Amino acid sequence: MSIRTRFAPSPTGYLHIGGARTALFNYLFARHNNGKFVLRIEDTDVARSTKESIDAILDAMNWLGLDWDEGPFFQSQRFDVYREHAAALLEKGLAYRCCCTAEELEKRREEALKAGLPPKYDGRCRERAVEPDLPYAVRFKVPPGATIVDDVIKGRISFDNSTIEDLIILRSDSTPTYNFCVVVDDATMGMTHVIRGDDHINNTPKQMLLYSALGYDLPVFAHLPMILGQDRARLSKRHGATSVMAYKEMGYLPHALVNYLARLGWSHGDQEIFSPNELIEKFSLDSVGKSSGVFNPEKLLWLNHHYIKESPPEALSSLLIPFLEERRVAAEKGPRLSAIVKTLKERSKTLKEMADNALFYLREGVEYDPRAAEKFLLPENIAVFKTLIERLEGLEAFTEAEVEAVFSSILEEKGLKLGKVAQPVRVALTGSAVSPGIYEMISAMGKELTLKRLREAVIYMEKGAGV
RNA sequence: GGUCCUAUCGUCUAGAGGCCUAGGACGUGGCCCUCUCAAGGCUAAAACACGGGUUCGAAUCCCGUUAGGACCGCCA
């Protein structure tokens, strides 16, 4: 039988890190097995579901490259299917009408909690003979016995049915609830494997009971351990960015996030770096760990830097443009962007950082850092600068090698160390005492801009000499 | 409170009874390289939660303790 998995987010917010990993594992498992990966939107809570959330989730899935084969299916469009299933259960006496009001139930729950008792529905409508003329919800009649979950990741887990309450499957407005929809959908959509967060473990026996009441075959369950924040509590906003798209905005590469998430809870020996295809090829539920893991932004940053270093400058350039526009500099005007990017890859951990580092290349004038100027733009350097300008002017291609040759000749003639010349030139060209390597930077900057800035620096130094 | 899950360096993890004086990676410290900053190379510190078993032998199996976590909605 062909493998089918699904990712089923509820559209009540953006796609977060935890959801993305669940989606990724479902995707990888399906792809690895040449199966199908289905996207389903769980929007039965009409009040909380929004179109914006749906779009946001789809955008994030696309950005991560988690393409799905079927869907998105919407539960809100399948209410008839759920009602038919509920009617069948009612018919067979496996479900019943409950007239308790939400307020009553809430009150009883609080009292039970206060008394230290399990806040479980007492089943008072279960055996009632007559149906009063009142609004009702439909509850599933949980049978006695025990339910065994054979989880691929966690192993065998046993639940005593007496700890499970008669859950509502249809609300009093006749809309279906989560546990019921999941079962009906997973069964009718032919899911072979249900891979989800282990916060759903306690739902699993309820769902299994529903499968059997409905007469459907069980899927294989695989419960992924949670992703925690630094304080080991479930990952949430207060731990920092949890939205997938926030990482895009911070200048992360999608595959860096994917690689990071894959290794959080899954491993393949000592390997850390996986290409997308390698992930598909090597993924297996057998090597998913059981214990929850702490989200580590530093390691993600390292991976991002790794992939920036590996990426061709041309690809990076086009990704960088939106970040440059954000900073109101036009990339087209400056030296060729990919030449710039090439000098920045080693020292930019994110695209955002790279955009900041690229500013000195692209802005009109140079703004000297006072401390750097004070230390390096000294009158004694005027002569060297003039020689340098002269010789650079004579260059044709302005390659890194040519530039280096010019520096070498001057250094040798004047008996200077490179540092004595490179630092002042660096400040002259960038305004800062920190920058990419001097030859590569000059080459990337191009003849015209380099000479312009060197000449401006000479003027600056000449003024300083008079003071 | 009840149900359930989990437990190897600070963090992610390797480890499926002897290969473990426990390996890799991130981070941290040091050294090297060096035109600054990076990158890179080398190196150091750093862990089997605890207590009982089982076994010739346990990080690995079993039990208990402890500690974390999740869930207990007419939310999903």
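Below, read A as the first sequence line, B as the second, and so on, with proteins coming before strands; counting in each chain starts at 1. These numbers come from a predicted model, not from an experiment.
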Separation of the P atoms in B:U8 and B:U3, to the nearest angstrom:
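Their P atoms lie roughly 25 Å apart.
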Does any nucleotide pair with [N] by Watson-Crick or G-U wobble geometry, both distances under 3.5 Å, and what is it?
N	value
B:G2	B:C71
B:U28	B:A44
B:A59	none
B:A7	B:U66
B:U21	none

Nucleotide nearest [X] when distance is taken to its side chain, options [options]:
X	options	result
A:F159	B:C4, B:A76, B:C35	B:C4
A:W302	B:C35, B:A25, B:U6	B:A25
A:A102	B:C74, B:U36, B:C72	B:C74
A:L264	B:C35, B:C37, B:C12	B:C12
A:P119	B:C35, B:G1, B:C37	B:G1

What is the separation between atom [atom1] on [X] and atom [atom2] on [N], rounded to the nearest whole Å?
X	N	atom1	atom2	value
A:K417	B:U34	NZ	P	10 Å
A:E298	B:G10	CD	P	16 Å
A:L285	B:A16	CG	C1'	17 Å
A:L261	B:A25	CG	P	22 Å

By nearest-heavy-atom nucleotide on RNA chain B, the more 5' of A:G265 and A:L105 is A:G265
Check: Taking the nucleotide of RNA chain B with the closest heavy atom to each, which residue, A:R109 or A:R263, is nearer the 5' end?
Finding: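 Checking each residue's closest nucleotide, the 5'-ward one belongs to A:R263.
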Q) With a non-hydrogen cut-off below 4.0 angstrom, is A:T175 in contact with a base, only sugar-phosphate, or nothing? A)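 Answer is nothing: A:T175 stays at 4.0 Å or more from every strand.
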Just call it for A:K120: base, sugar-phosphate, or nothing, with non-hydrogen atoms closer than 4.0 Å on any strand.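 Here A:K120 touches no strand at all.
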Looking only at side chains, do A:R426 and A:S435 share a donor and an acceptor under 3.5 Å apart? yes
- Task: Classify the side-chain pair A:D185/A:Y82 by whether it contains a donor and acceptor separated by less than 3.5 Å.
- Result: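 Note: A:D185 and A:Y82 side chains meet the donor-acceptor criterion.
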Q: Report yes if a side-chain nitrogen or oxygen of A:K299 is closer than 4.0 Å to either non-bridging phosphate oxygen (OP1 or OP2) of B:U13; otherwise report no.
A: no
Does OP1 or OP2 of B:C4 have a side-chain N or O of A:T163 closer than 4.0 Å?
no
Quiz item: Does the distance from a Lys or Arg side-chain N to an Asp or Glu carboxylate O, for A:E413 and A:R391, drop under 4.0 Å?
Solution: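 Judged by the 4.0 Å cut-off on N to carboxylate O distance, A:E413 and A:R391 do form a salt bridge.
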Margin query: Between the base of B:G73 and the side chain of A:E106, is one N or O donor paired with an acceptor at under 3.5 angstrom?
Written below: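 Per atom types, no contact qualifies.
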**Asked** Is a donor-acceptor pair below 3.5 Å formed from side chain A:S172 to base B:C74, judging by atom type as modelled?
**Response**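 A donor-acceptor contact between them is present.
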Sorted by chain and number, sequence neighbours left out, salt bridge (charged side-chain N to carboxylate O under 4.0 Å, His left out) with A:D80 holds for none
Only pairs under 3.5 Å count here: list side-chain donor-acceptor contacts from residues 301-312 of chain A, not counting sequence neighbours, and write none if there are none.
residue	atom	partner	partner atom	Å
A:N304	OD1	A:L253	N	2.7
A:N304	ND2	A:G251	O	3.3
A:N304	ND2	A:K349	O	2.8
A:H305	ND1	A:S348	O	3.1
A:H305	NE2	A:E346	O	3.1
A:Y307	OH	A:H255	NE2	3.4
A:Y307	OH	A:N259	OD1	2.5
A:Y307	OH	A:F274	O	3.1
A:S311	OG	A:Y307	O	2.6

Is there any protein nitrogen or oxygen under 3.5 Å from a nitrogen or oxygen in nucleotides 69-71 of chain B, and what are the pairs?
residue	atom	partner	partner atom	Å
B:A70	OP1	A:R234	N	3.4
B:A70	O3'	A:R234	NH1	3.3
B:C71	OP1	A:R234	NH1	2.6

The residue among A:L214, A:L218, A:T188 that forms side chain to side chain contact (heavy atoms under 4.5 Å, CB included) with A:V183 is A:L214
| Distance under 6.0 Å and angle within 45° of the ring axis: does A:R21 meet both against A:F25? |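 Judged by the rule (NZ or CZ under 6.0 Å from the ring centre, within 45° of its axis), A:R21 counts as positioned above A:F25.
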_Atom CD of A:E111: over 12 foreign heavy atoms under 6.0 Å_ = yes
